[in-house]
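Reminder, nothing fancy here: chain letters follow the sequence lines and each chain counts from 1. What you are looking at is a predicted structure, and each value in this text was computed from that prediction instead of being measured.
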Amino acid sequence: MKTKLGRLKKEKLIGALFDKGASIKKFPLILFYAPSAEWQSGVSVSKKLFKRAVDRNRIKRLLRGAIKQQWPRVSSFNVGPSNFMILYIGKTMPDFEAIDQAANTLFDKFLERIKNHENE
RNA sequence: AAAGCAGACCGCCUUAUCGCUGCUCAUUAUUGAGUAGAGGAAAGUCCGAACACCAUAGUGCAGCAUAGUGGCUAACGGCCACCGAUCGUGAGGUCAGGAAAAGUGCAACAGAAAGAAUGUACAGGUCAUGCUGUAGUGAAAUCAGGUAAACUCUAUGCGGUGCAAUGCCAUGUAAACCGGUGCUUGAGUGCGGCACGCACAAUAUCGGAGGGUAGGCAGCUAAAGUGUCAUGGUAACAUGACAUUCAGAUAAAUGAUAAGGGUUUCAUGUAUUUGAAAUACAGAAUUCGGCUUACAGGUCUGCUUUUUUU
């Protein structure tokens, strides 16, 4: 069965995620997540770290690309759906490879964590 | 040929694989197919408008902006032409280019003296005196001086807030509580000044503490649109004909990876081979017209000066 990954676009949900959601860090990324009715994802880059819109757009596209790569693993993992949000916290411009590797370890941790939650 | 001036334009391409957003058509409750998908500055948010609401936005003050003349434009603080000043051999560049007999202020150095008037030398003149001339300092010395990127004055223009405008639908609550003001002899409100005026105004309004919502649709992209040609005009621009439909996202689509090829620079090399590096500034958010700033590299057009050749 295929599960759909929606976009996280409700401001309220995002606010709640930052306030109450759990977080996992793997430099240069942070992942916030919380259980939810359906799978939704979002990405963000601080305006303070990257002043130009072009740079922020590029990083966000790289992050979305990375999520796309990881998605088959997550959807077939057989856990309850969650909302999650990835932030970029590095200060230099990354390349695709760096993001991809970081995302890989990040999702390893993520899946392990929610698996444990389910078992409790 | 070299150096330079002005204007216009381009600003990486191709293929494959994996994706994103809108629309259309299928299929159906999950997909598939087709198609379109960032810029010359999308930027700064500095001007001007359209559009929306507040009174069809009114009067005075305050405040702000502009400043040769004429034209263009929906409008402008923009653009075009001409005049003037100024810089350049020149093509051309630059200009905060209204008023100094309304008033106030300011002026380094030099100089006796800088807006107050008057000193020295020589000469002239007088009853007498800087009364007159010349010399001397300076950009300027009584001349209706200079200065308005000093106040000021004059002329002209300007109401405010912005698409988070505004309208509708959905959801939810609290017409609860405390304090102030006011109830037709008028508190307050009408989205930053003051006064007037106008409109609304009593289950009203302001403040406190607290609760709820912050989702969707319209506005939202066919327009002062874009391209070509013709005509008028020195030009900005206008008129006409034909063709054309060209992003609409909302934690915000327009991308990632690989291979090949361009272009430029450097090295090697000398029938353009091989290698390396670079490939800019930058990302739509209601929409237009400008201005300003950023920009690897390149193309085209017109013109100027110098030198050489004929």
* To do: Inspect the contact between A:Asp55 and A:Arg58 and indicate whether a charged nitrogen and a carboxylate oxygen are less than 4.0 angstrom apart.
  =>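 A salt bridge is absent here (no side-chain N lies under 4.0 Å from a carboxylate O).
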
Separation between the [atom1] atoms of [N] and [M], rounded to whole Å:
N	M	atom1	value
B:G289	B:A247	P	15 Å
B:U272	B:G262	P	15 Å
B:A235	B:C80	C1'	6 Å
B:G138	B:C143	C1'	16 Å
B:A50	B:G162	C1'	13 Å

[N]: syn or anti, per glycosidic angle within 90° of 0:
N	result
B:A116	syn
B:G4	anti
B:U221	syn
B:A38	syn
B:C246	syn

Under a 3.5 Å limit for both distances, which nucleotide forms a Watson-Crick or G-U wobble pair with [N], could you say?
N	result
B:A96	none
B:C9	B:G298
B:A3	B:U304
B:A235	none
B:G37	B:C20
B:C163	none
B:A155	B:U66

* Toward the 5' end of RNA chain B, by each residue's nearest nucleotide, A:Ala53 or A:Leu62 -> A:Leu62

* Specify the residue among A:Val43 and A:Phe96 whose closest nucleotide of RNA chain B lies further upstream toward the 5′ end. => A:Val43

Ignoring backbone atoms, test whether [X] places a side-chain nitrogen or oxygen under 4.0 Å from the OP1 or OP2 oxygen of [N].
X	N	answer
A:Arg56	B:A252	no
A:Arg58	B:A256	yes
A:Lys68	B:C20	yes
A:Arg61	B:G19	no

* Report the relative orientation of the aromatic rings in A:Phe50 and A:Tyr88; use parallel for angles under 30°, tilted for 30 to 60°, perpendicular for over 60°. =>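 Judged by the thresholds at 30° and 60°, the geometry between A:Phe50 and A:Tyr88 is tilted.
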
* To do: Look at the rings of A:Phe110 and A:Tyr33 and say which category their plane angle falls in: under 30° parallel, 30 to 60° tilted, over 60° perpendicular.
  =>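 Taking A:Tyr33 first and then A:Phe110, their aromatic rings stand perpendicular (interplane angle over 60°).
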
* State, with a plain yes or no, whether a side-chain heavy atom of A:Ser44 is found less than 4.5 Å away from one of A:Met85. => yes

Write down the distance between [atom1] ([X]) and [atom2] ([N]), rounded to a whole number of angstrom.
X	N	atom1	atom2	result
A:Gln70	B:A256	CD	P	19 Å
A:Lys51	B:G283	NZ	C1'	17 Å
A:Ile99	B:G255	CD1	P	18 Å
A:Asn57	B:A43	CG	C1'	14 Å

* **Flag, side chain of A:Arg56 to backbone of A:Lys51, donor-acceptor distance under 3.5 Å** => yes

* To do: Kindly give the heavy-atom pair with the smallest separation between A:Ile30 and A:Ser23, and that separation in Å.
  =>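 A:Ile30 and A:Ser23 have their closest heavy atoms at CG2-CB, 4.3 Å.
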
